[in-house]
Structures are given as C-alpha cells and as structure tokens.
Amino acid sequence: MTTTIEEIDNFDSKAYLDMELLRFSTAGSVDDGKSTLIGRLLYDSKSIFQDQMDAIEAASAKRGEEYVNLALLTDGLRAEREQGITIDVAYRYFSTPKRKFIIADTPGHIQYTRNMVTGASTANLAIILVDARKGIIEQTYRHSYIASLLQIPHIIVCINKMDLVEWDEKTFNRIVNDYKAFASKLDIKDVHFLPISALAGDNVVNRSENMDWYQGPTLMYLLETIHIGSDLNHIDARFPVQYVIRPMKNEYHDFRGYAGRIAGGVFRVGDKVKALPSGFSSKIKSIVTMDGDLQEAFAPQSVTITLEDEIDISRGDMLVRENNMPQVEQEFDVMLCWMNEKKMVPRGKYILRHTSRECKCIVKETKYKLNINTLQRLEDDLELGLNDIGRVTIRTTVPLFFDSYRKNRNTGSIILVDESTNETVAAGMIV
Amino acid sequence: MIDYHLNHLKELEAESIYVLREVAAQFENPCLLFSGGKDSIVVLHLALKAFYPASVPFTLLHVDTGHNFQEALDYRDNLVKKHGLRLLVASVQEAIDKGLVREEKGYSASRNALQTIPLLEAIEKNKFDCAMGGARRDEEKARAKERFFSHRDEFGQWDPKNQRPELWNIFNGRKHVGEHFRVFPISNWTEMDVWQYIYQEQIEMPSLYFSHKRKVFERDGVWYAASEFIQNKPTEVIEERVVRFRTVGDITCTGAVFSEASTLEDIIQEVAASRTTERGTRADDKRSEAAMEDRKKAGYF
C-alpha cells in the first residue's frame, strides 16, 4: 500500500512520528532506466510536487522530448542535464505511511565507480537494474561486487524493460539463473528478483497486469516491509570518543563527559568499560542527553557518557567492554577502492581516518588488484588508479582499535587523505 | 529480547548531532549561519543538544539583507538572549554603501543574491574556518548533490564536479590556509521531517509560520507581503488576506500561502497535503533552471 491523496487527508501526525528509515542505493548502466525508475517511485508515491512536475515538463518540451523525462528530476547539475548523464551521487527523499526513504542515486558508468562506492557506504539496501533485453552484463557484475564488498545487507535485482521482451517469463527466469550462478561467488546475504517496467510502472508501485506468472511482491512493497532491524551490530559495544564536554559552569563544575555516537552494541549505566589506548578501566556513571539521562544506549545513538573514575580520555580514544575487545593493531589488510586521479604511490604515506581517530600511515604492500568485471585477482598489475580496487597492507603510526568490516561497518572502515592536497583519495574496508 | 531501533526522527537527530560534534572537533573557529528560518532554528536546537550541558561552541552569523520580517528579527534576538549566544550580523546594506555590491533595480529587485559578498567578507574578517547552514538536500536539485562537509576554495567557491567523496560517517575537514568548509548538519532531513521534529520537540517558532492576517499582493502567481522594500507595479492590488509563510527569507522574494494553519499539527497536515515544494514560493529559484547551482558555485549558501 502506498500513500494516496485520501490517506493524506486523513493524515495522523502522531503516527508519522514513528517511522523507520531505510537508506538504499541504486546503480544501473547508462540506458537501463535507473532515473526513470526513481522518477516512477517518486511519482507513484506522490512525492513529486506539482511545481517540480511543471518544471520538468517545461524542460522536456524545450528539449523536444515526446514524453515527460522523469530523469530530469534526478539530474541536478547543468552539465548532467546537458549531457543526459548522472555525474555525482544525488540524494532523494520520499516517504510512505510505513517508511521514510533516502535514495543514494549513483551513476553507472565505469569511470564513476567511486560514486557507487560512496552511495553504497551508507545503504541498507541496493537496487540493481538489469535490462531484460541484454541480461547480465559487465556492469551488473561490477555493481553486485561493490554491493557485496560494501556489505549492503539486502539486494533487489530489478529486471527492467519487461515490456520490450513481451513480458516473457522465460527471459526473466534465464536472467535470474545467470545472476544466481554469478552471485554464489559473492558475499551477498539477502537477494530478491523482480520483473518490472519502470517506464510503464509495472510492479514498481502497482502490480503488473501484464505478468500473471509473477506472484511475488512489488518493488514498493519490498521496500516498505524488508526487515532492517538486524542490520546494525548490537553485540560488540564500541564507543569512539568524538569530543570531550566540559561545561565550565558552576553548576557542572566537575562534569567531564565523553560525547560520541555509539558505533556498535549497547552500553548501560554501571557497565564496566575499558578505555583504549590507555587500557584503564572504569564504570559508566551516567548516559547524558538534554532530554534526560538514559539507562542504556545503543548504536546509532549520539550520547554523552560520564565515568565513575577520572581517567585521561580524549578524541580518538574508544570505550569498549572488558570482555569484548576490538582488534588493536598497527598493521592490517584492507580492500582499498582508489578514488583519485593521482594514482596510489607504492609505499606512499597518507593520512588515515578511522572512527574519530586520525594518524599517518604507509601503504606497505599491494597484494593484488581486482578485475571487478571478472573478479580475477591480478598479481602482476599492482598499480591502483582511479576506480581500481585492490587488497593492500597498511601500517599506521599508532595502533587502531577496529573490527573487520564484515563484523561492523562503522569500526571496520577507513579513508585515506592525501597530505599535500587534503583530498580524500581512497576508501578501505578492513579485512 | 529488546528491539534496538530508532524511529526516523531519532536516527536523523543522532546523525545531525554527530555532524555538529565533528565540526566542533575538526575546526578551530566555526560559525552557524542563522536566519531565523525554521531550518536554522532546528540546527541550533540540535547544537544545544549536542553539547549539553555545555554551551554551544559556535558563533551565530546572520547575513542581513536589511529587508527583513520584523518578527524574524525579534525572534532571533530573544533566542540569542535566552541561550547566552554570540551573534554577529553581516550586513548587505553596508556592502552596498561601501560599493562592494550593486543593488538590483526594477520591480523584481532582490537582495538575495547580494548576500554572497557580505557572507564571504564576514568569513574572511572573522577567520571562520567553517560555516554551518540549515540547507537540506530535498530543497533543490543542486543541493541534492551537496556533501555534509563541503569544501570551498580561497574564493569561497564550490566546484560541484570535483567534490571530495564522502563515505560512511567519516568526514574529512582538512584544508589549506584561507580555505573554508560549509557544513550542513540536516542534509538528510525533508521539510516534513523538520516540522515533525519541531512538533515532537515543541520548539518555539516565529509567528510568521502560523496563519495570520497580512497585506499581500500577487506577482507571477506568487503572493508577497506588501512592504516598503518592494516597488509595486500600478496593476498590483494590495489586499488583506489570511496567510502564513512556508519559508522565511528576504521579504522581497519570500512568498506567502493562504492558510488557516494556526498550530504545529495544522502545519504538518498542510505540508502532507501540499502539492508544491516550499521553494515553489521563492522567486530567487525561479530565475533559471540552474539558478541555485550558479549561486552556490559563487559562494552562496
């Protein structure tokens, strides 16, 4: 069920205060209808406003296009509209009575892998588009690999343009089987397949009348109901300290609170915790927020923690439970996605950022580069340039407190920054 | 087994508080752009939460076009007093008097685009290395491409095709001397989220947002408040209507909507049923298809 005008008229403002948030990314090739699909989701869920519609109708007419080009909704930059391509990640928002959605709309061309990785980094779910006429192509492999590398918990493969293959069930089944054969090599937990037509709207929000043979859910139904409650790690307690709060007011004379966003697990008042890197232990005295103290707090809440004992803790330190420690190392392997036109310098020095910690590091060794179209490991070509992905060993000047990316996306991710340009040049997933 | 999940407003709040704390940790002298509009009011509210029980560690900067709604100024001054904040005003009038910018002429003259120069001047003069704003990605298509941490060169310019990648929640605020950042803590909020949050938190709002009687006139399908700052065409009739404002900006380019919404619940109902975006009432965005992108590249917020 999606929002209709009648429902909006009977709108219950209190119910709307309690919706779940689902972040998803979309990836597709140049012509497989990704922008059209997003336009369709927004349009059919009544999230496109009249003035936006008027603006794109006028723009479509000006360009001499026969039908209203929904892609113009998402292509926000002048250069994108001129060239008819998407250059950068664009964020879109819509909601239904069940959920609020954030779409990271990422371009599908080969030169923009970095944008796809960016969009995938915060997503709970990825929509991968396949053109029913073409079946699985190189870009499908690449998008799926990136979704698996970035550990997006749920994947929906939309087999689009079913109208152009006469709504044929066999074509759909063949593509599904091809995909499954390939996906067995990837680390994908939850995958769904849908036959759709983004242009005509079949199985996007409304059920298709052209494909009786398909009994599964529509895309919107899946988006509204897929279980996302277990996507975050609520087992391993991790609290990277972001900022130390010292009010300097008489009423809070001795107050010293550690502000941060819980990166994993649950913290309770009275818990015995250990501060890294010092190794000192203490107990949680209080969990402070402006709305009143909490008895417990969990990922991804932003809170302020005070401890029973005065120990030296500053930004970049981490509070954990004594019996559940992260790895504490200065050398580790990461899958690195290079994002800058300046190639990676072998044995080069970079600034590394991990949770709230920053330090210098050296890329000690490149183990292999990955051909992301075939998943072949290249051991004789070790040069990492823009959009390349490879496995490297990194050594840092100070120990990091981390988990594998598979275990926790917050404590298992790093970025590298070029010391001279200050640009973010790479993103890494700790193996 | 307890279900550990946050609803969408709590999750957005947690994300924004995280961003505000990153700003305090990564920059030496950040400021918060404060217009008295609902988005900057929400950002300030989030900042009070982020640093509680300490005070907000930012200066408030108001870029003043001189064409204000008096209600917005009164609200601003009360808030500053209530929370013991530091407020700086960068004046467009002063920039005009100094000859830094030239006032637009004619019926649709607006000082909106002129705000860029005094803003950049205030940033340079006060050595702010970061200016936070209440811009949201759902507002406008060029803003949909904006980062949380958005780098500006030494001329204050934005280069949309060469933005730093932003992954997970790791923000890179490193910069060279003379450069600065624009940071947008409520990037992921929609107009509806903002109103629901104001309702949930019972945040006090300027009276302009609620239904009231006002003298207005129509121009190009938009109803504007009659004021001494606008030159009316002979054909434009000024009449009293019951209106409210969906956005609060410069008086010369902020359109009113006919509305009986007098409570926060009414406003939420109205936003839910609305078929136009809030910027549909803004003359500044209607100038061309890429009006916002062009202003942002030059250093606008």
Side-chain angles (χ1 to χ4, degrees), chain A residues 8-9 11 13 16-21 49-52 59 76-79 87-93 95 100 102 114 117-118 121-122 229 234 242-243 245-249 252 255 259 261 266 288-290 298 300-302 304 315 339 351 353 356 409-410 413 415 417 422-424 427, chain B residues 3-15 17-18 21-22 24-25 48-55 137-138 140-145 160-161 163-170 172 174-176 187-188 190 192-193 196 199-200 265 268-269 272-277 280 289-290 293:
Chain A
I8 284 171
D9 289 341
F11 181 86
S13 39
Y16 262 67
L17 296 177
D18 196 24
M19 293 196 294
E20 260 183 326
L21 181 62
F49 294 102
Q50 196 56 51
D51 55 324
Q52 289 176 311
L77 300 175
R78 191 196 298 269
I87 291 171
D88 201 350
V89 185
Y91 294 89
R92 298 284 148 200
Y93 304 82
S95 57
K100 174 194 156 91
I102 302 179
R114 76 169 205 176
V117 171
T118 303
S121 73
T122 49
H234 285 131
Q242 234 188 318
Y243 190 77
I245 292 186
R246 303 194 58 195
M248 311 289 182
K249 294 177 185 170
Y252 297 105
F255 187 96
R261 192 173 189 192
V266 183
V288 178
T289 77
M290 197 171 89
F298 53 90
Q301 282 182 297
S302 285
T304 299
R315 174 172 167 88
M339 302 190 146
I351 292 160
R353 283 192 172 226
S356 54
R409 286 166 101 183
N410 294 319
S413 50
I415 62 167
V417 176
N422 288 329
E423 287 174 330
T424 303
Chain B
D3 181 19
Y4 290 115
H5 98 269
L6 295 179
N7 70 31
H8 75 292
L9 290 178
K10 290 276 176 205
E11 188 172 336
L12 290 171
E13 179 189 68
E15 176 179 86
I17 288 176
Y18 174 82
R21 288 168 171 174
E22 278 302 292
L48 291 167
K49 285 196 167 192
F51 303 100
Y52 175 86
S55 315
R137 286 170 178 158
D138 82 315
E140 207 282 334
K141 51 191 182 293
R143 285 194 167 155
K145 310 259 156 167
K161 285 206 273 183
Q163 300 192 75
R164 293 181 183 176
E166 201 165 79
L167 295 106
W168 300 290
N169 50 16
I170 310 179
N172 173 9
R174 294 185 68 95
K175 64 195 174 318
H176 293 111
S187 287
N188 275 334
T190 62
M192 182 56 120
D193 297 329
Q196 286 173 344
Y199 174 69
Q200 178 187 285
E265 285 106 316
I268 291 175
Q269 294 272 1
S274 175
R275 301 307 301 145
T276 55
T277 63
E289 209 185 346
E293 181 181 345

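Keep in mind that what you see is a predicted model, and the values were worked out from it rather than measured. Per chain, numbering begins at 1; letters A, B, ... match sequence-line order. The analysis underlying the following values was restricted to heavy atoms, covering all of them including side chains, and did not include hydrogens, waters or symmetry mates.
- Across all non-hydrogen atoms, the minimal contact from B/Glu166 to A/Thr118 is O-CG2, 3.0 Å.
- Taking the six-membered ring where the residue is Trp, A/His234 and B/Tyr4 present tilted rings, their angle falling between 30° and 60°.
- Residues A/Arg92 and B/Ala144 share a closest heavy-atom pair of NH2-CB, 3.7 Å.
- At least one side-chain heavy atom of B/Glu15 sits under 4.5 Å from a side-chain heavy atom of A/Arg261.
- Closest approach of B/Ala54 and A/Pro247 over heavy atoms only: CB-CA, 3.6 Å.
- A donor-acceptor pair under 3.5 Å is formed between the side chain of B/Arg164 and the backbone N or O of A/Asn422.
- The parts of A/Arg353 that come within reach of chain B are both its backbone and its side chain, each placing non-hydrogen atoms under 4.5 angstrom from that chain.
- Of the atoms belonging to A/Val117, heavy atoms from both backbone and side chain fall under 4.5 Å from chain B.
- Using the six-membered ring where Trp is involved, A/Tyr252 and B/Tyr52 have ring planes that are perpendicular, over 60° apart on the 30 and 60° scheme.
- Interface residue B/Asn188: backbone and side-chain heavy atoms are both found under 4.5 Å from chain A.
- Taking CG of A/Leu21 as the start and NE2 of B/His5 as the end, the distance is 10.0 Å to the nearest 0.5 Å.
- A pairwise comparison of heavy atoms in B/Ala50 and A/Ile245 identifies O-CD1, 3.6 Å as the closest pair.
- With rounding to the nearest 0.5 Å, the separation of CG in B/Asn172 from CD1 in A/Ile415 is 5.0 Å.
- Contact count versus chain B (heavy atoms, under 4.5 Å) is highest, among A/Phe255, A/Phe298, A/Tyr243, for A/Phe298.
- Counting only heavy atoms from C-beta outward, the side chains of B/Arg137 and A/Ile102 never approach each other to under 4.5 Å.
- For the pair B/Asp138 and A/Tyr93, the tightest heavy-atom approach, listed with the atom from each and the gap, is CB-CD1, 3.7 Å.
- Looking at B/Arg21, the atoms closer than 4.5 Å to chain A (heavy atoms on both sides) sit in the backbone and in the side chain alike.
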- Task: Would you please test B/Ile170 and A/Ser413 for side-chain contact (heavy atoms from CB on, under 4.5 Å) and show each step?
- Result: CA-CA 9 Å; B/Ile170 310 179; A/Ser413 50; 4.0 Å; yes

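- Contacts with chain B were tallied for A/Lys249, A/Met248, A/Arg409; A/Lys249 has the most, counting heavy-atom pairs under 4.5 Å.
- Note on A/Ala259, A/Ser302, A/Pro300, A/Ala427: by heavy-atom pairs under 4.5 Å with chain B, the leading option is A/Ser302.
- A side-chain donor-acceptor contact under 3.5 Å links A/Gln242 to the backbone of B/Tyr18.
- Taking both residues in full, the closest heavy atoms of A/Arg114 and B/Gln163 are given as NH2-O, 3.1 Å, listed atom of the first, atom of the second, then distance.
- For chain A, the option among B/Ala24, B/Pro165, B/Pro53, B/Ser55 with the highest count of heavy-atom pairs below 4.5 Å is B/Pro53.
- Counting heavy-atom pairs under 4.5 Å between each of B/Glu13, B/Lys175, B/Gln200, B/Glu22 and chain A puts B/Glu22 at the top.
- Residues A/Tyr91 and B/Ser187 have side chains not in contact (no heavy-atom distance under 4.5 Å, counting atoms from C-beta outward).
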- Task: For side-chain contact (heavy atoms from CB on, under 4.5 Å), just list the numbers for A/Lys100 and B/Thr190, CA-CA rounded to whole Å, side-chain angles, deciding distance to a tenth of an Å, and then say yes or no.
- Result: CA-CA 10 Å; A/Lys100 174 194 156 91; B/Thr190 62; 3.5 Å; yes

